[in-house]
Novice: 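Sharing a structure below in structure tokens format, with a few things to ask.
Letters A, B, ... are given to chains in the order of the sequence lines, protein chains preceding strands, and every chain is numbered from 1.
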There are 2 protein chains.
Amino acid sequence: MESPKTPNAIRHASPEKTAAILDGAMRVFLEQGYAGTTMDRIAAAAGVSKPTVYSYFHDKEGLFNALMEQMVREKQWAKFPQDFVLSTQESSKVVLRRLANDILDNCMNNSEQITFIRLVIGESGRFPELGRAFVQHVEKPIQEALTHYLASCPNLNLRDPTASARMFMGTLIYLIITHEMLHGQDIVPMERDRLIDHLIYILHLSEKNPDTQQINKCL
Amino acid sequence: MESPKTPNAIRHASPEKTAAILDGAMRVFLEQGYAGTTMDRIAAAAGVSKPTVYSYFHDKEGLFNALMEQMVREKQWAKFPQDFVLSTQESSKVVLRRLANDILDNCMNNSEQITFIRLVIGESGRFPELGRAFVQHVEKPIQEALTHYLASCPNLNLRDPTASARMFMGTLIYLIITHEMLHGQDIVPMERDRLIDHLIYILHLSEKNPDTQQINKCL
DNA sequence: GTCTATAATTTGATAGAC
DNA sequence: GTCTATCAAATTATAGAC
């Protein structure tokens with residue numbers, strides 16, 4: 001409560017060492033999980049001694065919380081809502097496809113991002129606030145921006161934009177989980193473009209735009 | 001390879017103790033994760049001594065693998081494909097709603113199931129085969145049964161039943177993840193019935209059944 | 001402020017009694 | 001087959017030198 005800028009960190013600390021410790025801790029925690037990580041390895045990865053780590057962070061749990069809070073906030077999640085900035089000049093199909101590709105690009109073949117999300121899910125049992133922070137700062141902003149876009153889009157005629165946004169997100173996240181997190185690409189294969197095509201198609205089934213209107217729907 | 005019935009278990013072992021150890025290990029691993037679990041606690045939870053644990057399983061990793069293989073196989077996942085057994089006598093809306101409710105019932109307010117899936121995701125980085133086994137024995141059978149149902153359903157007129165099945169599963173799993181695994185019910189609230197209604201609605205948008213045909217679609 | 005060295009405990013795994 | 005007792009290594013955290 002006294003140092004709101006750097007919670008769990010000791011006052012008068014050098015910003016360079018703080019960053020070095022957080023960076024080293026990030027690498028080890030991502031690789032080994034919370035319980036599998038030792039303070040010795042964090043100190044070695046950070047290039048400092050173990051007492052230095054303890055002088056900057058009260059204990060292992062405090063370091064983990066500080067690190068995770070920073071990662072949840074500072075990851076480039078904020079870029080996704082900006083997929084909609086040009087939305088008035090582009091068709092909804094273009095905008096939604098760009099968002100889907102950006103979300104998948106952010107995770108597919110990006111082992112660090114996958115490992116981070118795996119850590120959040122894996123530790124959210126013993127660190128419930130970590131899970132909540134992820135939903136608050138990552139999932140909710142994207143859901144809200146997408147819902148707002150779907151609701152305000154002129155040609156789409158969606159009955160429930162909020163549920164549609166959950167469906168859109170869930171379909172993509174499920175692909176990431178089965179293929180990347182659980183290594184099931186070869187067990188339940190699915191082309192990402194095929195899944196995106198399907199989502200775009202589904203979201204335009206009730207389209208009332210004069211251009212593509214009602215043509216192949218009535219017969 | 002020599003004892004295919006109980007892999008990682010030593011020969012001539014009493015089935016009762018094997019079950020007791022697996023049961024105790026399950027409780028501790030679910031609560032503490034892999035690295036957070038000690039063989040002492042497993043022995044205590046199983047009501048046997050530590051050397052007994054080691055006489056039944058070669059080491060911690062072998063015990064974990066044996067336990068997880070059993071859990072992935074023996075959970076009551078197989079019940080979901082049976083949601084389709086009466087499918088020819090019921091409307092697709094009834095069948096799909098029952099499946100969605102069964103999937104959500106299996107996880108919502110079921111902390112053991114949630115903890116198990118969290119463990120699978122959390123440890124699939126260091127135990128890739130665990131992730132693959134989960135996809136193979138849990139996700140794939142449900143996906144295939146649902147895809148087959150969607151493709152063979154008379155009234156539904158889906159362009160891509162396979163992608164539709166992924167969308168259906170993903171929408172539900174995403175709700176489970178955000179609400180249950182990440183504790184975000186209050187951050188991104190969503191009524192489960194509203195989400196199910198949306199899925200049913202979406203999957204029937206291309207319906208060509210004479211009963212509910214084309215009425216509110218053309219205008 | 002940062003280090004070396006170490007305390008106090010816990011860990012995975014085993015020897016040997018019965 | 002199962003236990004008590006124990007090992008060697010690793011772990012969190014700190015005392016004290018500089």
Side-chain angles (χ1 to χ4, degrees), chain A residues 2-3 5-68 119 123 126-127, chain B residues 2-3 5-68 119 123 126-127:
Chain A
E2 302 195 19
S3 175
K5 209 173 174 184
T6 54
N8 290 305
I10 273 62
R11 58 185 174 175
H12 290 154
S14 124
E16 297 83 5
K17 293 237 160 147
T18 304
I21 293 170
L22 286 171
D23 187 65
M26 181 185 72
R27 294 201 302 274
V28 183
F29 276 128
L30 284 179
E31 192 184 349
Q32 305 287 339
Y34 177 77
T37 292
T38 72
M39 297 298 263
D40 276 283
R41 294 197 54 162
I42 290 177
V48 300
S49 72
K50 199 159 43 161
T52 299
V53 176
Y54 278 98
S55 81
Y56 279 73
F57 298 93
H58 180 257
D59 56 10
K60 185 181 174 182
E61 191 171 320
L63 173 53
F64 183 74
N65 283 326
L67 172 67
M68 285 305 179
L119 187 62
E123 303 296 348
R126 282 202 278 181
F127 296 92
Chain B
E2 304 194 17
S3 175
K5 209 173 175 185
T6 55
N8 289 304
I10 274 61
R11 56 184 174 176
H12 289 154
S14 121
E16 297 83 7
K17 295 235 160 149
T18 303
I21 293 170
L22 285 171
D23 187 65
M26 181 184 73
R27 295 201 301 277
V28 184
F29 275 128
L30 284 179
E31 191 185 348
Q32 305 287 340
Y34 177 77
T37 292
T38 71
M39 297 297 265
D40 277 282
R41 293 198 55 162
I42 290 177
V48 301
S49 72
K50 197 158 48 158
T52 300
V53 176
Y54 278 98
S55 81
Y56 279 72
F57 298 92
H58 181 257
D59 57 10
K60 186 181 175 181
E61 192 171 318
L63 173 53
F64 182 74
N65 282 326
L67 172 68
M68 284 304 175
L119 187 62
E123 303 296 348
R126 282 201 280 181
F127 297 92

Novice: Assign A:Lys17 to base, sugar-phosphate, or nothing according to its heavy-atom contacts below 4.0 angstrom with the strands shown.
Specialist: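 The answer is sugar-phosphate, as A:Lys17 gets under 4.0 Å only of primed atoms, P, OP1 or OP2.
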Novice: Rounded to the Å, how far apart are A:Glu16 CD and C:dG1 P?
Specialist: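 Atom-to-atom, A:Glu16 to C:dG1, this comes out as 12 Å.
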Novice: Whole-Å distance between D:dA13 P and A:Asp40 CG?
Specialist: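 Rounded to whole Å, this separation is 11 Å.
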Novice: Look at the side chain of B:Tyr54 and decide which nucleotide, out of C:dA13, D:dT12, D:dT2, has an atom nearest to it.
Specialist: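 Ranking C:dA13, D:dT12, D:dT2 by closest atom to the B:Tyr54 side chain puts C:dA13 first.
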Novice: Under the 3.5 angstrom rule, does the side chain of A:Arg27 hit a backbone N or O of A:Ala45 as a donor-acceptor pair?
Specialist: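 Indeed, once roles are kept as given, a pair shorter than 3.5 Å links the two residues.
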Novice: Establish, for the pair A:Lys60 and A:Phe29, whether the NZ or CZ atom is under 6.0 angstrom from the six-membered ring centre and no further than 45 degrees off its axis.
Specialist: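 So A:Lys60 doesn't make the cation-pi contact.
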Novice: Side chain of A:Pro51: nearest nucleotide among C:dT6, D:dA5, D:dA15?
Specialist: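 Output: D:dA15.
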Novice: Is there a side-chain contact between A:Leu119 and A:Met68, using heavy atoms and a 4.5 Å cut-off?
Specialist: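 Yes, side chains in contact.
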Novice: Whole-Å distance between D:dA13 C1' and A:Glu61 CD?
Specialist: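 Rounding to the nearest Å, CD of A:Glu61 and C1' of D:dA13 are 15 Å apart.
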Novice: Counting only N and O atoms by type, is there a donor-acceptor contact under 3.5 Å from the side chain of B:Tyr56 to the main-chain atoms of B:Ser14?
Specialist: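 Yes: the side chain of B:Tyr56 pairs with the backbone of B:Ser14.
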Novice: Could you give the CE-to-C1' distance, from A:Met39 to D:dT14, as a whole number of Å?
Specialist: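 These atoms are roughly 12 Å apart.
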Novice: Is A:Tyr56 close enough to C:dG1 that one of its side-chain N or O atoms is under 4.0 Å from OP1 or OP2 there?
Specialist: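 No, because none of the side-chain N or O atoms of A:Tyr56 sits under 4.0 Å from OP1 or OP2 of C:dG1.
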Novice: Checking all strands, does B:Asp59 fall into the base, sugar-phosphate, or nothing category for heavy-atom contacts under 4.0 angstrom?
Specialist: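 Touches sugar-phosphate only.
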Novice: Can a side chain N or O of B:Ser49 be found less than 4.0 Å away from OP1 or OP2 on D:dT4?
Specialist: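 For D:dT4, OP1/OP2 do not have a side-chain N/O of B:Ser49 under 4.0 Å.
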Novice: Measure CZ/A:Arg41 against C1'/D:dA13 and give the value in whole Å, please.
Specialist: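 Computing the A:Arg41:CZ to D:dA13:C1' distance gives 19 Å.
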Novice: How long is the span from the NE2 atom in A:His58 to the CG atom in A:Asn65, to the nearest 0.5 Å?
Specialist: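 If we round to the nearest 0.5 Å, A:His58:NE2 and A:Asn65:CG are 12.5 Å apart.
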Novice: Starting at CG of A:Leu63 and ending at P of D:dA13, how long is that distance when rounded to a whole Å?
Specialist: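 Nearest whole value for this atom pair: 11 Å.
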Novice: For A:Lys50 and C:dG1, give me the distance from atom NZ to atom P, rounded to whole Å.
Specialist: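 It is 22 Å, rounded to the nearest whole Å.
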Novice: Between C1' on C:dT14 and NZ on B:Lys60, what's the gap in Å once rounded to a whole number?
Specialist: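 The distance from NZ of B:Lys60 to C1' of C:dT14 comes to 17 Å, rounded to the nearest Å.
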Novice: Is the phosphate of C:dT10 approached by B:Thr38 (side-chain N or O, under 4.0 Å from OP1 or OP2)?
Specialist: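 Checking C:dT10 against B:Thr38, no side-chain N or O comes under 4.0 Å of OP1 or OP2.
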